[in-house]
2 protein chains.
Amino acid sequence: MGQSQTEQALSRLREMVFSGELAAGSNHFEADLADRLGMSRTPVREAALTMKAQGLVDVQPRRGVRVCPISAEDMADIYDVLCELESLAAARAAERGYTANDLQIAQNCIDAMDAALTDNDRTAWAEADDRFHAELVRLGGNARVIEIVARYTDQVRRARMMTLPLRPLPVKSNEDHRAVLDAIQIGDAARARDLHRAHRNAARSLLTGLIRDLGLHRL
Amino acid sequence: MGQSQTEQALSRLREMVFSGELAAGSNHFEADLADRLGMSRTPVREAALTMKAQGLVDVQPRRGVRVCPISAEDMADIYDVLCELESLAAARAAERGYTANDLQIAQNCIDAMDAALTDNDRTAWAEADDRFHAELVRLGGNARVIEIVARYTDQVRRARMMTLPLRPLPVKSNEDHRAVLDAIQIGDAARARDLHRAHRNAARSLLTGLIRDLGLHRL
DNA sequence: ACCCTTAATAACGTATACGTTAATGTATGC
DNA sequence: GCATACATTAACGTATACGTTATTAAGGGT
């Protein structure tokens, strides 16, 4: 048997939020969403409640489900969190003494990013970048860090996709990734942490600056 | 007008989890909980779903709502997160140039901890300690950090209360707090960060060691 | 014309009903 | 005696019904 209606509602609503089909800041009644998804209000309500706990939507009486917009300040706050926790993960990964084989998935992500760069395919690059960061965090071995990074990555996913074509080609980013992975491989935790922190700080400045400069106040 | 049934269910169930009235690892059917709370299954279900998203319980078909136990590894993971994010908050707070007046609440918490120590009142100490950490994080000014620290503090709340009488009197802890607050007041972000990180690392070692040594594998 | 009162509406919060399904116990065949 | 098939049960998942309440619109008074 497949998944429950609630699970379906959750994954479909998440997709609708990420893709922008439900625009940032827009409101949607439970009954409407239930109709669109072909189910009753109950599973929609439960999914909305979960998404509220994940910080993706607000739920207000008689205003429906509201897709949380991301401001430049939100972006800065979230990248601060990602910066700290991912660089912690990098340090922990370095301490774990992984073999080259253990790091193969991360290596593949980097290769995919390189390939995407030469193809000038930003979407493929962003996808591989996402996978690299998730894998790095997984290698850190802290279940809570994995959770948090996944949640806050989701919160900025839509905003990041929208700014993707506005950013310079992320050539430096790929070098950063390689350096971090090297530090992990040779077991230099402090170096892995510092390199990754610098990498994320750069991303933070770039994105918040972009949002601010272009007046994209509510993504 | 009071709060909704769902909100009541949420706060009462949270209280039952924190106090241990619902023991770690125990299972509870929705219908039973609904009876105990004097309401129907619907609001209980919604509250349980929210608590699941907060990592306080698991919800499994035909096994009911299960209170998540905390292992030594969980404790270590969570303190790693708290360590990073609270010390980030300390650094950010230092950068903000707060006046002595702005830091009054934190100062009051430290004083309360001192008083609790001379009274040998561990419960009062723990409560003031909680408030100090929450205030520190608030001073950091990052809404996401505030959220995360609150959530993971909740996850270890019950376990921390249970180990409270087993710990040595936290004299050093009060000195640490003072030093961190001093660093914030003089605007030394790096020092505030490092001091707080050391403080949290000590707490981490103490608690995980305690759990491991006493064989308290599932708190 | 504007404001205040009031009625209509619609979305929600919650109770309830009911079909589904997994777990348990029982009976039957080997 | 053991395993397997079947019946029973109980908890859940989901639809639905309904009372509550905020919002909107209308109407009347100033």
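Chain letters run A, B, ... following the sequence lines, proteins first, then strands; residues in each count from 1. Remember, predicted model here, so these are calculated numbers, not experimental data.
The base of C:dT21 lies close enough to the side chain of B:Arg62 for a donor and an acceptor atom to sit less than 3.5 Å apart.
Picking from C:dA15, D:dA15, D:dG13 the nucleotide with the shortest atom distance to the side chain of B:Pro43 gives C:dA15. Minimum atom distance to the side chain of A:Ser4 is reached by D:dG13, of the listed C:dT14, D:dA15, D:dG13.
Comparing A:Gly38 and B:His28 against DNA chain D, the residue whose closest nucleotide sits nearer the 5' end is B:His28. Across the interface with DNA chain D, nearest-nucleotide mapping of B:Gly64 and A:Met39 shows B:Gly64 to be the residue nearer the 5′ end.
Checking the phosphate oxygens (OP1, OP2) of C:dG13, a side-chain nitrogen or oxygen of A:Arg45 falls inside 4.0 Å. Regarding contacts with the backbone of C:dA15, a side-chain N or O of B:Gln5 is found under 4.0 angstrom from either OP1 or OP2. Within the structure, a side-chain polar atom (N or O) of A:Thr6 is placed less than 4.0 Å from OP1 or OP2 of D:dT14.
Taking atom CZ on B:Phe29 and atom C1' on D:dG13, their separation rounds to 15 Å, with Å as the unit. Between the P atom of D:dC12 and the CZ atom of B:Arg66 lies a distance of 15 Å, rounded to the nearest Å. Between the CD atom of B:Glu46 and the P atom of D:dG13 there is a distance of 13 Å, rounded to whole Å. As rounded to whole Å, 15 Å separates atom P of D:dT14 from atom CD of A:Glu30. Between the CD atom of B:Gln8 and the P atom of C:dA15 there is a distance of 11 Å, rounded to whole Å. Here D:dA15 presents its C1' atom at 13 Å from CG of A:Asp35, a figure rounded to the nearest Å. Atom pair A:Asn27:CG and C:dC12:C1' shows a separation of 14 Å (rounding to whole Å applied). Between A:Asp32 atom CG and C:dC12 atom C1' the separation is 13 Å, expressed in whole Å.
Remark: B:Arg144 does not engage B:Glu147 in a salt bridge, criterion side-chain N to carboxylate O under 4.0 Å.
The shortest heavy-atom contact between A:Asp58 and A:Cys68 is N-SG, 3.9 Å. Nearest heavy atoms, B:Arg63 versus B:Asn27: O-ND2, 2.8 Å. Nearest heavy-atom pair, A:Thr208 versus A:Ala72, reported as atom, atom and distance to 0.1 Å: CG2-O, 3.8 Å.
A side-chain N or O of B:Thr99 and one of B:Asp102 form a donor-acceptor pair less than 3.5 Å apart.
Base engagement by A:Arg41 is indicated by at least one non-hydrogen atom pair under 4.0 Å involving a base atom.
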